[in-house]
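Being a predicted model, the structure only gives us computed values, none of them experimental. Just so it is clear, the values below take in all heavy atoms, side chains as well, and ignore hydrogens, waters and symmetry mates. Residue numbers start from 1 in every chain, and the chains themselves are labelled A, B, ... in the order their sequence lines are given, proteins ahead of strands.
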Amino acid sequence: MDFAQTLLAWYPDHKRDLPWRDTPNPYHIWLSEVILQQTRVKQGLPYYVAFVELFPTVQDLANASEELVMRTWQGLGYYSRARNMHATAKIIAQAWQGNFPTTKADLIKLKGIGEYTASAIASFAFGEQVAVVDGNVFRVLSRFFGIEADISSPKGVKHFQELAKTLLPTQQSQTYNQAIMEFGALQCTPQKPNCMFCPLQAGCVAHATGKQDSLPVKTQKIKQVVYTWQWFFIK
DNA sequence: AATCCGGGGTG
DNA sequence: CACCCAGGATT
């Protein structure tokens with residue numbers, strides 16, 4: 001069984017039951033994707049529930065006050081996500097008559113929707129044949145194929161995006177995209193991946209070479225936050 | 001290409 | 001404390 005088929009077989013028995021799964025509603029999918037940017041599912045889930053409850057449709061979000069939108073986002077961080085989301089809701093409500101753009105090409109033009117999110121919405125909501133590449137996918141691919149391209153450089157990112165394209169199955173590409181991300185989140189985790197019980201173990205380069213902990217390669221300037229005893233005196 | 005944006009969990 | 005999280009925008 002090849003890479004994609006193994007993940008497709010693994011997925012049904014392991015996937016978490018999340019409210020934005022198994023829905024074709026592009027508005028709900030978009031909400032979840034924006035909320036989950038650089039945010040763990042456990043932290044984002046209650047915010048997703050709150051947004052759907054307060055703003056059932058994209059028109060409702062568009063018509064909401066900036067103050068209410070920001071207040072609902074309060075505590076999630078990366079606040080430009082909320083401002084961009086609100087602006088994009090207005091664009092979709094007006095220029096698109098409340099109907100989401102249905103292609104990655106059109107989606108990526110919207111504020112707060114980049115390469116990843118455009119691909120995710122196009123795949124999950126509209127079944128477009130595009131590979132979705134997020135932090136989970138970088139990790140799974142770099143380990144399984146033993147790729148040491150640096151994911152903090154545009155060149156490295158491109159390398160993984162090209163590889164991801166070649167792996168995309170012609171059938172069930174949408175489910176496959178969700179499967180590989182879920183696999184990265186639950187099985188091929190950043191620290192202490194569960195290699196002992198892994199359906200991809202036999203073909204995994206990182207497992208064979210013991211490089212699980214050094215992949216993916218990500219070189220980045222470490223921002224040094226200095227904590228000193230002086231803080232103690234700040235009242 | 002490098003920086004910035006952030007709260008929260010993990011080892 | 002260092003690193004990471006369903007990344008994107010700006011410089």
Side-chain angles (χ1 to χ4, degrees), chain A residues 7 11 14-23 26 28-48 51 70 72-88 104 107-125 130-143 149-158 160-161 164 174-194 212-229 231:
Chain A
L7 290 173
Y11 186 56
H14 296 85
K15 68 170 187 173
R16 292 165 289 183
D17 191 13
L18 300 169
W20 50 82
R21 288 263 170 82
D22 302 319
T23 171
H28 288 170
I29 292 170
W30 170 61
L31 277 181
S32 72
E33 294 302 338
V34 174
I35 288 171
L36 293 174
Q37 285 167 11
Q38 295 294 286
T39 304
R40 291 172 195 276
V41 166
K42 187 177 179 182
Q43 185 189 5
L45 182 53
Y47 287 86
Y48 171 84
F51 270 89
M70 296 309 295
T72 308
W73 194 272
Q74 187 59 234
L76 248 195
Y78 284 140
Y79 295 92
S80 63
R81 286 185 293 172
R83 285 187 290 273
N84 286 334
M85 194 173 76
H86 197 196
T88 288
K104 174 182 173 182
L107 286 162
I108 205 169
K109 297 173 186 170
L110 298 166
K111 287 184 182 176
I113 297 183
E115 175 69 30
Y116 164 76
T117 304
S119 299
I121 299 172
S123 174
F124 302 158
V130 288
V132 173
V133 182
D134 73 335
N136 290 305
V137 177
F138 285 132
R139 190 168 54 255
V140 174
L141 296 185
S142 67
R143 286 175 176 169
D150 184 359
I151 65 169
S152 61
S153 78
K155 191 181 304 179
V157 169
K158 193 139 296 177
F160 282 101
Q161 287 170 340
Q174 175 249 47
T175 304
Y176 162 78
N177 280 324
Q178 300 207 43
I180 189 171
M181 287 194 290
E182 190 75 337
F183 186 81
L186 300 180
Q187 178 81 24
C188 196
T189 49
Q191 294 136 357
K192 304 226 177 237
N194 186 13
Q212 301 94 316
D213 294 330
S214 59
L215 291 173
V217 173
K218 183 192 281 185
T219 67
Q220 230 169 21
K221 255 309 171 204
I222 297 162
K223 196 188 306 181
Q224 196 72 297
V225 179
V226 182
Y227 296 91
T228 74
W229 52 268
W231 290 106

Among the candidates [options], find the nucleotide nearest to the side-chain atoms of [X].
{"X": "A/Lys192", "options": "B/dA1, B/dG11, C/dG8", "result": "B/dG11"}
{"X": "A/Pro190", "options": "B/dG8, C/dG8, C/dC5", "result": "C/dC5"}
{"X": "A/Tyr116", "options": "B/dA1, C/dG8, C/dC5", "result": "C/dG8"}
{"X": "A/Lys218", "options": "B/dG6, C/dC4, C/dA6", "result": "C/dC4"}

Just to confirm, is there a sub-4.0 Å distance from OP1 or OP2 of [N] to any side-chain nitrogen or oxygen of [X]?
{"X": "A/Arg40", "N": "B/dT10", "result": "no"}
{"X": "A/Ser32", "N": "C/dA6", "result": "no"}
{"X": "A/Gln37", "N": "C/dG7", "result": "no"}

Could you tell me the separation between the CG atom of A/Leu76 and the C1' atom of C/dG7, rounded to a whole number of Å?
-> 14 Å
Using atom [atom1] of each nucleotide, how far apart are [N] and [M] to the nearest Å?
{"N": "C/dC3", "M": "B/dT3", "atom1": "P", "result": "16 Å"}
{"N": "B/dG6", "M": "C/dT11", "atom1": "P", "result": "15 Å"}
{"N": "C/dA6", "M": "B/dG11", "atom1": "P", "result": "14 Å"}

Do the side chain of A/Gln43 and the base of B/dG7 come within less than 3.5 angstrom through a donor-acceptor pair of N or O atoms?
-> yes
NA contact type, A/Arg21, heavy-atom cut-off 4.0 Å: base, sugar-phosphate, or nothing?
-> base
